[in-house]
Amino acid sequence: MKVCEIECKSLVTKSKLPDADYVINPYVGCCHGCLYCYAQFMCRFTGHTGEAWGSFMDIKRGGTIPKNLKEKTVLFGSVTDPYNPLEKRYETTRDILTRLKEQNTGANIEILTKSPLVLRDLDILKTFPNIRVGISLSTMDERFARLSEVHAATPQARIQTVKTLHDNGIPVYVFISPIFPYLSDWKSVASAVLDIADNVCFENLNLRANYKKDVLELVRKEYPEIYPEFSALYADKKKLRKYWEEMTCEIEDFMKDRTHTIYFFHEEIKK
Ligand code: SF4
């Protein structure tokens, strides 16, 4: 993997995401190697055209942070994992958190990760009055996780991370994303975290052009029994919409009065 340190101008970028005013991505690229990573489009915008997503990492150095972010939500990790394996050595995310703390910006901090490495920073996380950590977890199936999120932590390690955050008083949500039709055991994930997560969020799998082929190939090769239904669903927009609508009802029914958020049809909301 090609690793570079780069000087950056501004660390904080305005966001169009529904729940974040700003985003901070301490790294360009991500070495977790998720097959479905929507952030792959970043190759074009960061001088990495033609390079494979996951084959490079730029470590951001410097960069300004606005003085006042009062009541603004700042999300770490919209197009990278702020606790990817390089963070262990470079501590970029930790440095930025320290600077935010020292500058006393008043921001609401949100961190989204797949990694137990976030626990290293419990000391600093605890000092923010408004913070929440999201752990992405799409399946409890170790084999499926290994195939689809090649270098990320195992599902069990992530569940343990949720528990430790919860036990340390850090508000934590679990982001069940992306849900693969006919494959993802979202009920198992939700059941495993119901008593330790403050919120459980659900997001469907969108097959974007830059990874559609790879996802279909994985399902065809590893799960041939569901491939015909899976591929037919993504070839028919009406059928696909109906599928997610039915799943929405199923989730509502399953979660009942437990706090949850459904981000299906996310694409349409953003437009
Ligand atoms: S952890 Fe997130 S940013 Fe990293 S490869 Fe996976 S989906 Fe992409």
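Indexing begins at 1, ligand by ligand and atom by atom, following the structure's order.
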* Structure fact -> For atom 5 (S) of ligand 1, the closest protein heavy atom turns out to be Cys34 N, 3.5 Å
* Which heavy atom of the protein is the closest neighbour of atom 8 (Fe) of ligand 1, given with residue, atom name and distance? -> Cys37 SG, 2.3 Å
* Asked: Donor-acceptor pair, Thr80 side chain versus Gly77 backbone, under 3.5 Å?
  -> no
* Trp186: which of Phe254, Phe175, Phe264 passes ring pair (Phe, Tyr, Trp, His ring centres under 6.0 Å) -> Phe254
Roughly how far, to the nearest 0.5 Å, is the [atom2] atom of [Y] from the [atom1] atom of [X]?
X      : Y      : atom1 : atom2 : answer
Arg132 : Leu125 : CZ    : CG    : 14.0 Å
Asn206 : Asn204 : CG    : CG    : 5.0 Å
Ile176 : Leu137 : CD1   : CG    : 7.0 Å

Relative to the heavy atoms of [X], which atoms of ligand 1 are at a distance of less than 4.0 Å?
X      : result
Cys30  : 1 (S), 3 (S), 4 (Fe), 5 (S)
Thr80  : 3 (S)
Lys114 : 1 (S), 2 (Fe), 6 (Fe), 7 (S)

* Please confirm if an N, O or S atom belonging to Cys31, backbone or side chain, lies less than 2.8 Å from atom 4 (Fe) of ligand 1. => no
* May I ask you to check whether over 12 heavy atoms, not counting those of Lys242, lie within 6.0 Å of atom NZ? => no
* To do: Verify the distance test for His32 against atom 8 (Fe) of ligand 1: any N/O/S atom under 2.8 Å, yes or no.
  => no
* Side chain, backbone, both or neither: the part of Ala39 lying under 4.0 Å from ligand 1 by heavy atom -> neither
